[in-house]
Amino acid sequence: MSSPDPSAVTDQPSAGRNRLVLIVYTAAIFVSALLLFSVQPLFTKMVLPRLGGSPAVWSVAMVFFQSLLLAGYAYAHYLMQLRNRMIPVAIHLVLLVIALLSLPLSIAGGWGEPPTSGYAFWLLGLFVVSIGLPFFALAANNPLLQAWFVRTGHPNGPDPYFLYASSNIGSFLALLSYPVLLEPIFTLRTQNLIWTGGYGLLIVLIAACGVLLLRSPASAAIDTLADDTDAPAPPWILRARWIFLAAVPSGLLIAVTAHISTDVAAAPLLWVLPLSLYLLTWVLVFQSRPLLPHKWMLALQPVAITGVIVLLAVGGEQNLLLTLGGHQLCFFVIAMACHGELARTRPAAKYLTGFYVALSFGGMVGGLFAGLIAPYAFSWIAEYPILLALAALCRPPGGQERFVSWSGWYWPFLAALAIALIAPSYSDGKIMHWLDDHRVWVIGGVGVLSALLALGLNANRWKIFATVAVALVLIRAYPSDDGRVETVRSFFGVHKIVVTPHGQYHVLMHGTTIHGAQKFQNDDGTP
């Protein structure tokens with residue numbers, strides 16, 4: 001009987017070593033995400049006093065974080081193109097150590113007072129020079145460590161996306177624990193020192209990950225990647241769809257935050273809640289067995305879109321708790337459907353870093369649109385309904401429509417319905433007044449029609465998109481604020497001037513808060 005080949009035995013990672021690899025890599029990714037998302041409220045709080053606590057500070061901060069995330073993912077992607085395993089480990093550890101030398105966090109000198117205009121770009125510059133390097137180094141960790149994990153030869157290497165869930169659990173816990181635990185207990189300086197200590201711990205963990213990678217037999221890594229050698233590269237149309245699927249919920253995150261900050265309150269806790277839900281969706285969709293099946297979320301998505309349409313039609317003044325809870329619940333379902341599509345269409349591990357670059361690029365595009373472009377392009381939060389309509393296009397290409405013989409008539413029917421409902425808004429006749437009095441039922445009915453198209457008729461996404469667009473146009477045609485004179489938007493929010501029913505007062509409002517009133521008529525109607 002021949003004895004086994006010693007080299008073959010040593011090339012096979014033991015069960016104990018596999019367990020150690022999994023623990024160390026999971027811990028490193030978890031701590032990295034914890035630091036990545038705890039620095040966001042921590043540093044934003046340091047900046048807030050300079051700009052008066054405006055929710056736009058958080059929106060611009062999100063644009064910065066998403067842009068740096070893209071830069072970090074691109075850096076990881078190109079670093080992993082190197083064939084030598086030692087060079088990426090050495091380069092990344094050097095980067096982390098250099099970033100550590102810039103800690104603890106502080107606002108860079110020369111950025112003490114904001115200018116009289118151009119707040120958004122000044123704020124972006126402040127973030128770049130103050131925390132750009134440590135955040136960039138953190139941003140690269142998730143895709144980089146997953147790519148290293150694939151090359152360690154671990155049995156789970158061919159499908160490492162479960163580690164993305166671990167990353168987002170860390171992010172989720174960081175955001176929830178900050179307002180509940182860290183902020184009430186520790187001073188800002190103590191929080192900063194704890195964060196710096198965590199950064200040092202992370203360097204040790206990543207160094208351990210690098211050692212485990214370098215000590216892995218090269219043949220084990222080759223065997224892990226062997227299954228992917230025949231996997232075709234994702235076509236560009238699929239890459240573009242990844243970007244779109246990531247951009248819509250990313251933009252919606254900022255739009256929902258802006259909307260509830262306007263109608264409820266500009267409170268930092270309310271800015272953290274939507275982001276926490278956003279991260280929770282990533283956790284749920286990348287589980288090996290999702291807690292909420294993707295087909296359920298796709299079925300609920302048109303219902304959630306309809307729910308937002310109804311909430312926008314009703315307005316936020318009647319029930320602030322419903323506004324706060326309803327918008328965030330619907331956002332969660334919509335984001336779950338979009339991110340579930342990303343998880344469903346994820347590529348083989350060989351193309352992992354490219355997949356994450358596409359995701360981060362889409363996130364940055366959505367953030368730029370909602371956080372920087374929209375506030376200057378629109379006088380109201382128009383990005384919210386725009387992104388809501390685009391969410392309908394995130395649905396997968398539909399199967400066979402039911403009642404095919406009738407489906408061709410839907411487009412002329414929708415065009416006639418749109419004309420019949422929108423045209424009266426330009427007149428002052430009885431039909432316009434009737435539609436204005438029943439605006440919630442009319443708008444809600446069109447919204448429900450879009451949900452029925454998806455659930456009952458299995459209609460294609462373009463029909464659902466067009467129907468949702470008509471409902472959202474009706475919200476502007478028949479606004480809930482009777483007598484609105486003008487809407488003005490600045491870095492500090494959306495303000496509106498409302499005339500009281502008899503024209504006696506002009507009232508300046510920010511959301512539901514009255515900031516002042518000017519009397520135009522006496523009680524007897526004289527000027």
Between the side chains of Tyr178 and Gln191, is a donor N or O closer than 3.5 angstrom to an acceptor N or O? yes
Measuring from Leu145:CG to His92:NE2, what's the distance to the nearest 0.5 Å? 6.5 Å
Given ring-ring contact (aromatic ring centres under 6.0 Å, His included), test His154 with Phe149 step by step and report yes or no. CA-CA 7 Å; His154 193 278; Phe149 180 78; 4.9 Å; yes
Is there a side-chain contact between Leu275 and Met62 (heavy atoms, below 4.5 Å)? yes
Considering non-hydrogen atoms only, spot the tightest contact between Cys209 and Trp148 and give its length. CB-CE3, 4.2 Å
Please report the C-alpha distance between Leu182 and Leu42 in whole Å, then the side-chain angles of each, then the deciding distance to 0.1 Å, and finally whether the side chain to side chain contact (heavy atoms under 4.5 Å, CB included) criterion is met. CA-CA 9 Å; Leu182 291 177; Leu42 169 61; over 6 Å; no
Distance under 6.0 Å and angle within 45° of ring axis: Arg239 vs Trp236: yes
So Thr190 and Thr187, side chain to side chain contact (heavy atoms under 4.5 Å, CB included) or not? Walk me through it. CA-CA 5 Å; Thr190 304; Thr187 64; 2.9 Å; yes
Could you tell me if the side chain of Thr257 sits less than 4.5 Å from the side chain of Leu273, heavy atoms only? no
Within the side chain of Gln301, is there an N or O that forms a donor-acceptor pair under 3.5 Å with the backbone of Met297? no
Kindly indicate whether the side chain of Leu252, heavy atoms from C-beta on, has any atom under 4.5 Å from the side chain of Ile334. yes
So does Ile185 have more than 12 non-hydrogen atoms from other groups sitting under 6.0 Å from CD1? yes
Please step through side chain to side chain contact (heavy atoms under 4.5 Å, CB included) for the pair Ile373 and Glu383, ending with a clear verdict. CA-CA 9 Å; Ile373 297 173; Glu383 63 272 22; over 6 Å; no
Return the orientation label for the Phe378 and Phe369 ring planes: parallel under 30°, perpendicular over 60°, tilted otherwise. perpendicular
Check the side chains of Tyr384 and His327 for a donor-acceptor pair under 3.5 angstrom, ignoring hydrogens and angles. yes
Phe361, CZ: over 12 other non-hydrogen atoms inside 6.0 angstrom: no
For a side chain to side chain contact (heavy atoms under 4.5 Å, CB included) check, start with the C-alpha distance between Tyr75 and Ile91, then their side-chain angles and the critical distance, and finish with the verdict. CA-CA 11 Å; Tyr75 155 80; Ile91 290 175; 3.8 Å; yes
How many angstroms lie between atom NE2 of His77 and atom OH of Tyr356, to the nearest 0.5 angstrom? 14.0 Å
Smallest heavy-atom separation, Gly326 atom then Leu311 atom, equals C-CD1, 3.6 Å
Side chains of Leu388 and Cys330 in contact at under 4.5 Å (non-hydrogen atoms): no
Distance flag, aromatic centroids of Phe355 and Trp242, threshold under 6.0 Å: yes
Answer with yes or no whether the side chains of Thr152 and Arg17 bring together a donor and an acceptor at under 3.5 Å. no
Does any non-hydrogen side-chain atom of Glu341 lie less than 4.5 Å from one of Leu298? yes
Using a 6.0 Å cut-off, check whether atom CZ of Arg344 has over 12 heavy atoms from anything other than its own residue. yes
Ring-plane angle category for Trp282 and Tyr278, please: parallel below 30°, perpendicular beyond 60°, tilted otherwise. perpendicular
Please test Phe127 against Phe43 for ring-ring contact (aromatic ring centres under 6.0 Å, His included), starting from the C-alpha separation and ending with a verdict. CA-CA 9 Å; Phe127 274 98; Phe43 192 74; 5.3 Å; yes
What I'd like to find out is whether the side chain of Arg395 reaches to under 4.5 Å of the side chain of Pro302, using heavy atoms alone. yes
Drop me the distance from Asn141's CG to Leu205's CG, to the nearest 0.5 angstrom. 10.5 Å
Is there a donor in the side chain of Ser250 and an acceptor in the side chain of Gln66, or the other way round, less than 3.5 Å apart? yes
Say whether, by atom type as modelled, one donor and one acceptor occur between the side chain of Arg346 and the main chain of Leu342 under 3.5 angstrom. no
Could you tell me if the side chain of Arg85 sits less than 4.5 Å from the side chain of Val89, heavy atoms only? no
Test item: Leu36 and Leu69 side chains (from C-beta on) under 4.5 Å apart, heavy atoms: yes
